[in-house]
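One structure below.
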Amino acid sequence: MAILSAKLILVASGALSYVLVQHAPESLPPPLRTSYIGVFASLCLVQFVALFTYAMFLKPFWLSPLTKLPQPKGGGLLNGHFKTIYSSGAGETEKKWFNEIPNDGLIYYRGLLNNANVIVTSPETLQEVLTRTYEFPKPVGIIYLVGRVLGIGLVLSEGDVHKQQRRTFLPAFAPRHVRDMYPIFWSKACQAVTNLTYIGNGEQLEFEVGHWASRTAIDIITMAMMGKDFGAIADANAPLFKVYRALLEPTRAFLVLAMMKAFFPAPLVDRLPVKWNRWMDEAVETIRGTCRGMLREKKQKLAEKSLLEKDFLSIAVQYEDIAQVSEDGVIDQLTNALGAGHETISVAITWVVYMLCVHPEWQTRLREEVRTNFPSPTELAETGREATASDVDNMPFLQAFINETLRRFPPVPVTARWATNDSIIAGQLIPSGTRIAIPIKAVNWDKRLWGPDAHEFKPERWLGPDGRLSGTGGANSKYSNLTFLQGTRACVAQVLVKAEMACVVGSWVGRFDLSLVDETLLDEANMKISGGSLSGKPLHGLHVKARVLEGW
Ligand code: HEM
């Protein structure tokens, strides 16, 4: 829009300067009467100042139809509420406004350079945004940020390409395939527990949960997706793990280059001869090369009829539709899954451990369930007995605890869309270019949907009167729990996530008594959450004491 307006201004100024100097010089001030450049520059300046004043002030403060919506108080003159949002924990400001500002499904606020944002707050408005999927795509900024690393797979594709990719790849994520992955989850979970026990000399240790959850999650996701062990549990300096972590950590150079893509073509910015670009090319090629090698290996085994593994890629290459997809098309899905499925799960595990420390009575309850159903890490090592999906089916407490933590601390607390054209939501005109925030955490805490105890941590809400797991947690709309979103862009790996978490959390609580190093954090009000990034995790990490318990 801004680029279009700028082009219009340049063309209009050029044409008008010609007409004025040629045909009406007397209408110009004397110094400009013979100067095309002078007239052109003056006209451009006047129009740009007018456009800037309109876009920065008149429209966001008074003229946009959105100004009639409920709004938070305050906000800066130039950057609206941007600072408030980014200086608080991810999703926390949206949650506060959601509860404090009376509204009919939409709240308006001004963001960076006063750009227009709306927060959708009711099941009805959420449904509108989440079902009109391609009318409200993801903001292009996300492609600038992570497109080079992830590739254009399910996470970033839009329109017919996304529809086709989803139809092709979704079957390979089906629950029946996930059930076959339990041995992968369990063996890696047990490896982490055994290493931690060793570090603590079989007695007690202190560790940062996020660090170990991340090492465990990366090994599990790479094993589950393509049967490749990145070796992160065994060695924090394992080469593939280091490359991968660095790729996902936004450095200053990374952010500057990403921002440049808003003004210059992305392929040009990616080709600039700077150190960061060279490093990035090598790192991306290392990861894609690893995926390519695994894909070729699976195809070779398939041709030789010796493909027995149960990871996603081994399953995927056996689907006829996927066999037709180009090598790079399959690799894009792998890099998407590794990117989407590593940080999110490690953050989710971190919050589960936090809740276990805050609610030690649940540790006792879960430990009993885990020790009754799962084989111990020692048993796995000595007899090879693996965990199965049925073991987890028999553990409603463990599943309820995980569900409640995912509701209370969604690893992605807020996500966004934007209006590509003028659109109507709930009868309200949403001008083209408006960013639409989906406040996942705020919805998950909504008392109208979850009842008066919505703000309490209550795993029991996921248990029926017979003690069995209840699928909805007692909420009455499918737009009540957005941890994995809803609709055609919902997470493809919800079943896989819960299976993996049950194994990792089960192995930790089965082996250790867990408590917080900083006891002030027992009061949740003292827990600071990271902001500004995609995931919401403990700002200063989560440091725990783990005492090894006998008998498992
Ligand atoms: C606790 C863990 C996870 C959470 C909370 C989570 C949450 C989400 C959310 C909220 C979205 C929608 C984002 C948006 O459209 O704005 C999403 C999409 C997606 N997730 Fe997950 N995710 C998790 C783990 C995983 C894992 C392990 C994988 C892969 C194995 C995965 C693969 C994907 C993919 C491919 C999409 C894009 C789906 C599409 O647009 O069609 N996620 N996830």
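These numbers come from a predicted model, not from an experiment. When a ligand or atom number is given, it counts from 1 through the structure's own listing order.
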Going by the atom numbers of ligand 1, which of them fall below 4.0 Å from some non-hydrogen atom of [X]?
X      : answer
Ile345 : 2 (C), 27 (C)
Lys138 : 14 (C), 15 (O), 16 (O)
Ala490 : 38 (C)
Leu485 : 12 (C), 14 (C), 15 (O)
Ala337 : 29 (C), 30 (C)

Check [X] against ligand 1 and report side chain, backbone, both or neither, counting heavy atoms closer than 4.0 Å.
X      : answer
Pro410 : neither
Arg166 : side chain
Thr415 : side chain
Arg417 : side chain
Met225 : side chain
Gln165 : neither
Ile221 : side chain

Will you find, in the side chains of [X] and [Y], an N or O donor that is under 3.5 Å from an N or O acceptor?
X      : Y      : result
Arg166 : His162 : no
Thr483 : Asn481 : yes
Ser314 : Asp311 : yes
Asn444 : Asp446 : no

Closest to atom 7 (C) of ligand 1 among protein heavy atoms sits Thr483 O, 3.5 Å
What protein heavy atom is closest to atom 40 (O) of ligand 1, reported as residue, atom name and distance in Å?
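Ranking protein heavy atoms by distance from atom 40 (O) of ligand 1, first comes Arg489 NE, 2.9 Å.
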Ring centres under 6.0 Å, that's the criterion: do [X] and [Y] meet it?
X      : Y      : value
Phe374 : Tyr182 : no
Phe169 : Phe173 : no
Trp445 : Phe98  : no

Classify the angle between the aromatic ring planes of Trp462 and Trp450 as parallel (below 30°), tilted (30 to 60°) or perpendicular (above 60°). tilted
Within less than 2.8 Å of atom 21 (Fe) of ligand 1, the count of protein N, O or S atoms comes to 1
Do NZ/NE/NH1/NH2 and the carboxylate oxygens of Glu92 and Lys95 come within less than 4.0 Å?
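Yes, this pair counts.
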inquiry  = Do the side chains of Glu404 and Arg461 get close enough for a salt bridge, i.e. N-O under 4.0 angstrom?
reply    =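 Here Glu404 pairs with Arg461 in a salt bridge, since their nearest N and O are under 4.0 Å apart.
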For this session: Determine the sole option in Glu208, His342, Glu343 for which the side-chain hydrogen bond (donor to acceptor under 3.5 Å, both in side chains) test with Ser214 is passed.
Result: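 Considering Glu208, His342, Glu343, a side-chain hydrogen bond (donor to acceptor under 3.5 Å, both in side chains) with Ser214 is found only for His342.
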Throw together a table of side-chain donor-acceptor distances under 3.5 angstrom for residues 418-426, partners on residues two or more places apart or in other chains.
unit_1 : atom_1 : unit_2 : atom_2 : d
Trp418 : NE1    : Lys138 : O      : 3.2
Thr420 : OG1    : Glu135 : O      : 3.2
Asp422 : OD1    : Ser432 : N      : 2.7
Ser423 : OG     : Asn421 : O      : 2.9

Any donor-acceptor pair under 3.5 Å from Asn103 side chain to Ile101 backbone = yes
| query | Mind checking whether His162 has an N or O less than 3.5 Å away from an N or O of ligand 1? | reply |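 Such a contact does occur with ligand 1.
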